[in-house]
Amino acid sequence: MIEKNYQPADIETRMARLWEEAGAFKAGRPERRDARPFTVVIPPPNVTGSLHMGHALNNTLQDILCRFERMRGRDVLWQPGTDHAGIATQMVVERQLMERQEPGRRDMGRAKFLERVWQWKAESGGVIVNQLKRLGASCDWSRERFTMDEGLSRAVAKVFVELHREGLIYKDKRLVNWDPKLLTAISDLEVQQIEVKGSLWYLRYPLQDKTFNPKDPATFVVVATTRPETMLGDTAVAVNPDDERYTDLIGNHVVLPLVGRKIPIVADEYSDPEKGSGAVKITPAHDFNDFEVGRRHGLPQISVLDQEGCLALVDNEDYLRGLPEGASQLAEELHGVDRFAARKLIVARLEDFGFLERIEPNTHMVPHGDRSGVVIEPYLTDQWYVDAHTMAQPAIAAVRSGATAFVPKNWEKTYFEWMENIQPWCISRQLWWGHQIPAWYGPDGKVFVAETEEEAVGNALGYYVEREVITPEQGDEMARDPDKREGFITRDEDVLDTWFSSALWPFSTLGWPDDETDVQRHYPTDVLVTGFDIIFFWVARMMMMGMHFMKDVPFPTVYIHALVRDEKGAKMSKSKGNVIDPLHLIDDYGADALRFTLAAMAAQGRDIKLASQRVEGYRNFATKLWNACRFAEMNGCALPADFEATQATQTLNRWIAHETGRATREVTEAIEAYRFNDAAASIYRFVWNVYCDWYLELAKPVLMGEEGAAKTETLAMVAWARDEILKLLHPFMPFISEELWAMTAKRDGLLVLTEWPRKAGGMTSDEAVMMATTSPNDGLLPPVLLALDTGDFSDPAAEAEIGWVVDLVTAIRSVRAEMNITPATLTPLVLAGASEETRGRAQRWNDVVRRMARLGDISFADRPPEGAVQLLVRGEVAALPLKGVIDLSAEKTRLDKELAKAEADIKRVDAKLGNEKFVANAPEEIVEEEKEKREAAVARKTKIIEALERLKNAA
RNA sequence: GGGCGCGUAGCUCAGCGGGAGAGCACCUCGUUGACAUCGAGGGGGUCACAGGUUCGAUCCCUGUCGCGCCCA
């Protein structure tokens, strides 16, 4: 017996266990061995993560696709797993050490620290996986992977080594985005430009051959800068070659204030005559643009900061080279001062000596680390890079050719934009948690890259023995004993960017490179579902790696969904405190309601502003369905084994079959087109506004009535349509649908593995043609016959009859409400001048119409009685003789309004039809439609005028 | 500065070259045989603005205004 109230929490845990025990989500189930695979890789959440709205949306959409295709018979592999999230995880564990007042990472040492991270991962790393399960994600959990698994690590090493061998990975000394808090390089993508209110300092740089006089502009050049503290590292002043103010100075030198270094004035396009003074100081070691200018002019690069962003001047040979006596004093004074404190000190000192001309307020973009939040320092270091430009080419071509398509398509533009301007990808990180770079160095700094230490060491020792750096005996000894080679051969300390391993996810999770069986079956995957915020971070890189190593795209379709924002449209973030926790919504309304909400709001190309009220509404929808099933159960509705919905004879039953077919087609086609909101709207409308509001109501008299063929058929049909609903709803609301599936009948299997309803109305013509051309009896059956074979519920006659009932009841209800007739008052109904068809319908639906419209009896007459309210239902008059009950003048007003409307319609249509150009240019069916509209409006008008006449007579 | 997107009912949003829609909110009525987490009925929009294309524009194009995001 179905309880009166639906309790999601209880159902959800039970259904999850049921699926788990049945192995329902497992790929490669024996009975599907020959089925077409359907493969999706999950965007691996950070192992430190906990479920947020973005995950909830992302995984709901993937789950809808997976459950849908599973029901359509595909062998579904939804590959789950988590990402080791280098920086984030390392930070979490370091914080934990601090909280517990344990020794820090550096005191602990690398090996011990990593042990702690793994320990942390074992204890707390699985949180998000359980949260995904609560959401109902039907991943094959038995195949869960982690980016630092042995297998995936082997894939990383292999990829690194091969790309290095091909010259696509290389080491280079250039400016990187340096995070002075986390003490690591980060990639361009991990840098966020934040608008900051700062200043523009105008500094006077004295000309070499003049005596500096702050009051005489001829003795100096003014440069404008946002970063005065880096002036210590200046190696030139640049002016635009076309800037006439400075033409004479090009080639001259200035003397760097405070420092005394002589630096040239160079001509470079980079200097913008419109900005500041038109002259700009060049600090190649601390600014990306200046770095390029420096390269063009062969300028020295003088780094004046250390890793932590403090001035490093003492013993800084680059800085001290060629400086006059006394310069070291300044170096000592400023050494070790933090960059922001240094800024103040240096500005003050410049001012003291008259080098500061003025300060302007200036709002500009300043790079910040997305993890640490501190200002990023361009810093000159050795790092590993991927030649992204080269690797991007096949990845660009794949999208150009359509081998991979973005949905919605406009994201392709974003993809191209970035890929075509891609910069070298800095992949080394000065962290401990991650894939340590498989590179070893000899005593002379020569690098040996190999997948394993044995191989690298072997190569290295061979190399040095051959060059007689060591003897063969020493080599053998070092090969045998790692302790012996310590200090001779050392491994690169750095680890790889987390996204390096994520880029391999679509094939590394399938067993590459160790076992390619699953790669053969599941690569390329079918679709990638992700948010636009990681198109660059992840999608683009998977494309590059996939094209390079698999020689094929990782997925033919990339569905890009929106961002979930708060009610006001702001991005949810912890720091803003506007985060809605999906788990709370699940607690309050159930996972099904949350999933349905997200699906219903996932319109393409628009962000989701989530209000919990919506979730409540869809919880109510679940309750509605629950009660409909309860009603069916109370009436003993059941589906006989041999029941064929297409063979139903009762008009009402044929009608619900027709409507079910329509809903099936709508839902199926919408999911196929990734139009999740349309799919959700269709099933919602069908369940509530068709099945509950009309079908069940219209069926009640039959169900409560006498036994007989009609009742037998209806009992079956209520159950049949309910089952179809449960199937259609399952991808969206898996828990309640599975529960009701189990409760409403003795079933052969779980709903999750039940066959999806076939599209009524036949296949689309494309499908029919495809089937006709690919089926074995090619040419024997015309496509039309194949289409009929799929079962067509389309029934216009049933639609017309039930439509009439619906319209009649609605019209009567409306007028009763307007006339303030209490439900207790039963009014008679007179059908005036009814056709044979209408008479038949009225007789067949007598009970229902009387009950639903609160009528007394229904009779027929040639003309409506005097003083009756007259309604137009599908072109005929239905009269409610309410003389004495109704207000005649109110009724006249009502009819006048309707008359005006009919006349307006006629006028509008006439305007169109009277327009020769319209008739000449508009498609025939549109013109035809307009003509029909006119006829209908004219008929309506006639009836209303008649009604008004009769009203007058009554008065 | 470049790119993308958005301004439709009080709110949140669908839609889209041929008669303006949903959910919520609101108002009226309702304990009729599943459901008050419900039922019935109703009010409410010059589809941001201005041009253009078209027989016809909320929809396509251009511009303006307002808002958001991404990149430099």
Side-chain angles (χ1 to χ4, degrees), chain A residues 2 4-6 188-189 192-193 288-289 365 408 410-414 416-418 421 532-533 535-536 562-563 565 567-571 589-590 593 597 600-635 637 675 677-678 680-681 684-685 688-689 692-693 696-697 700-701 703-704 718 809-824 826 850-854 901 904-905 908-909 911-923 925-927 929-930 933 936-937:
Chain A
I2 302 177
K4 187 172 172 187
N5 284 306
Y6 142 71
D188 297 344
L189 288 174
Q192 278 172 339
Q193 301 293 336
F288 286 98
N289 290 310
M365 301 302 269
N410 54 312
W411 290 109
E412 288 178 6
K413 185 154 186 154
T414 308
F416 289 135
E417 201 82 22
W418 190 69
N421 298 297
F532 61 79
D533 49 332
I535 290 177
F536 305 146
L563 227 56
R565 301 173 177 278
E567 278 165 285
K568 286 172 284 179
K571 199 168 167 173
Y589 304 111
T597 307
M601 297 186 82
Q604 287 183 10
R606 191 158 180 154
D607 285 344
I608 295 177
K609 288 189 216 166
L610 189 76
S612 61
Q613 214 175 33
R614 273 304 275 273
V615 188
E616 188 182 345
Y618 291 119
R619 188 274 319 267
N620 295 353
F621 172 62
T623 306
K624 185 75 184 176
L625 172 75
W626 183 265
N627 279 294
C629 291
R630 183 161 168 263
F631 171 77
E633 183 190 53
M634 288 166 71
N635 283 280
C637 298
R675 301 184 62 90
N677 58 318
D678 287 343
Y684 183 94
R685 179 198 61 83
W688 203 315
N689 304 121
C692 292
D693 286 351
L696 292 184
E697 291 304 325
K700 275 177 184 175
L703 296 173
M704 314 294 171
V718 167
V809 169
T810 306
I812 296 171
R813 280 172 171 172
S814 175
V815 88
R816 286 180 60 111
E818 263 179 69
M819 301 278 162
N820 282 325
I821 297 165
T822 62
L826 300 184
R850 279 183 20 230
R851 193 174 73 83
M852 293 183 79
R854 311 292 300 148
K901 224 167 130 192
D905 282 355
R908 188 177 45 73
V909 177
K912 274 193 177 183
L913 291 172
N915 183 340
E916 278 174 37
K917 286 179 178 173
F918 170 74
V919 182
N921 293 323
E925 64 268 26
I926 297 289
V927 177
E929 256 176 53
E930 292 296 326
K933 276 182 209 164

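Lettering of chains follows the sequences in order, A, B, ..., and the numbering in each one begins at 1.
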K.L.:
Roughly, in whole Å, what's the span from CG in A:Asn677 to C1' in B:rG15?
P.N.:
10 Å

K.L.:
Could you state the atom-to-atom distance from CG of A:Asp905 to P of B:rG19 in whole Å?
P.N.:
10 Å

K.L.:
Suppose you measure atom P in B:rU37 against the same atom in B:rC24; what distance do you get, rounded to whole Å?
P.N.:
13 Å

K.L.:
Distance check, P atoms only: B:rU62 and B:rC4, in whole angstrom units.
P.N.:
11 Å

K.L.:
Considering just the side-chain nitrogens and oxygens of A:Lys901, establish if one lies under 4.0 Å of OP1 or OP2 belonging to B:rG19.
P.N.:
no

K.L.:
Under 4.0 Å between a side-chain N or O of A:Lys933 and OP1 or OP2 of B:rG19?
P.N.:
yes

K.L.:
Taking CG from A:Asp678 and C1' from B:rA22, how many angstroms apart are they, rounded to a whole number?
P.N.:
12 Å

K.L.:
Rounded to the nearest Å, what distance is computed from the CD atom of residue A:Gln613 to the C1' atom of nucleotide B:rC26?
P.N.:
12 Å

K.L.:
Is A:Lys933 salt-bridged to A:Glu930, cutoff N-O under 4.0 Å?
P.N.:
yes

K.L.:
Taking atom P in both B:rU58 and B:rA48, what distance in whole Å separates the two?
P.N.:
10 Å

K.L.:
Choosing from B:rG18, B:rC4, B:rC35, which nucleotide comes nearest the side chain of A:Asn410?
P.N.:
B:rC4

K.L.:
Reckon A:Lys700 has a side-chain N or O less than 4.0 Å from the OP1 or OP2 of B:rG33?
P.N.:
no

K.L.:
Do A:Glu417 and B:rA72 have a side chain to base donor-acceptor pair shorter than 3.5 Å?
P.N.:
no

K.L.:
Quick one: is B:rG15 close enough that its OP1 or OP2 comes under 4.0 Å of any side-chain N or O from A:Arg675?
P.N.:
yes

K.L.:
Looking at CG of A:Asn635 and CZ of A:Arg630, how far apart are the two atoms once the value is rounded to the nearest 0.5 Å?
P.N.:
11.5 Å

K.L.:
Using a 6.0 Å distance limit plus a 45 degree cone around the ring axis, check whether A:Lys624 lies over the aromatic ring of A:Tyr684.
P.N.:
no

K.L.:
Within less than 4.0 Å of OP1 or OP2 of B:rC38, is there a side-chain N or O belonging to A:Asn620?
P.N.:
yes

K.L.:
Can you tell me, in whole Å, how much space there is between the P of B:rG10 and that of B:rC69?
P.N.:
26 Å

K.L.:
With rounding to the closest Å, how many angstrom separate the P atoms on B:rA72 and B:rG66?
P.N.:
26 Å

K.L.:
Write down the partner of B:rG30 under the Watson-Crick or G-U wobble criteria, each distance required to be under 3.5 Å.
P.N.:
B:rC38

K.L.:
Now, which nucleotide makes the Watson-Crick or G-U wobble pair with B:rA25, with each of the two distances under 3.5 Å?
P.N.:
none

K.L.:
Would you say the side chain of A:Arg619 and the base of B:rU37 hold a donor-acceptor pair, judged only by whether the two atoms sit under 3.5 Å apart?
P.N.:
yes

K.L.:
First locate atom CZ of A:Arg854, then atom CZ of A:Arg813, and finally report the distance between them rounded to the nearest 0.5 Å.
P.N.:
10.5 Å

K.L.:
P atom, B:rC49 versus B:rG41: distance in rounded Å?
P.N.:
33 Å

K.L.:
Strictly below 4.0 Å: does A:Thr414 bring a side-chain N or O up to OP1 or OP2 of B:rC71?
P.N.:
no

K.L.:
What is the distance from OH of A:Tyr684 to P of B:rC13, rounded to the nearest Å?
P.N.:
18 Å

K.L.:
Could you tell me how far apart A:Glu633 (CD) and B:rC35 (P) are, to the nearest whole angstrom?
P.N.:
13 Å

K.L.:
Roughly how many Å is it from CE in A:Met852 to P in B:rA34, rounded to a whole number?
P.N.:
13 Å

K.L.:
According to the Watson-Crick and G-U wobble definitions, with both distances under 3.5 Å, which nucleotide is paired to B:rA14?
P.N.:
none

K.L.:
Quick one: look up who B:rA20 pairs with, Watson-Crick or G-U, both distances under 3.5 Å, and put none if it's unpaired.
P.N.:
none

K.L.:
What distance, rounded to whole Å, do you find between the two C1' atoms, one in B:rC55 and one in B:rG23?
P.N.:
37 Å

K.L.:
Working to the nearest 0.5 Å, report the span between OG1 of A:Thr597 and CD of A:Gln613.
P.N.:
11.5 Å

K.L.:
B:rG3 phosphate, OP1 or OP2: any side-chain N/O from A:Trp411 under 4.0 angstrom?
P.N.:
no

K.L.:
Got a second to check how far A:Asp188's CG is from A:Phe288's CZ, nearest 0.5 Å?
P.N.:
6.5 Å

K.L.:
Can a donor-acceptor pair under 3.5 Å be found between the side-chain atoms of A:Lys413 and the base atoms of B:rC4?
P.N.:
no

K.L.:
Using whole Å, report how far CH2 of A:Trp418 lies from P of B:rA72.
P.N.:
10 Å

K.L.:
Rounding to the closest angstrom, what is the interatomic distance between B:rU28 and B:rA34 at atom P?
P.N.:
27 Å

K.L.:
So what's B:rC67 paired with, Watson-Crick or G-U wobble, going by both distances under 3.5 Å?
P.N.:
B:rG5

K.L.:
Would you say A:Asn921 reaches B:rC55's phosphate, i.e. side-chain N/O to OP1/OP2 under 4.0 Å?
P.N.:
yes

K.L.:
Taking pairing as Watson-Crick or G-U wobble with both contacts under 3.5 Å, can you name the mate of B:rC60, or confirm there isn't one?
P.N.:
B:rG52

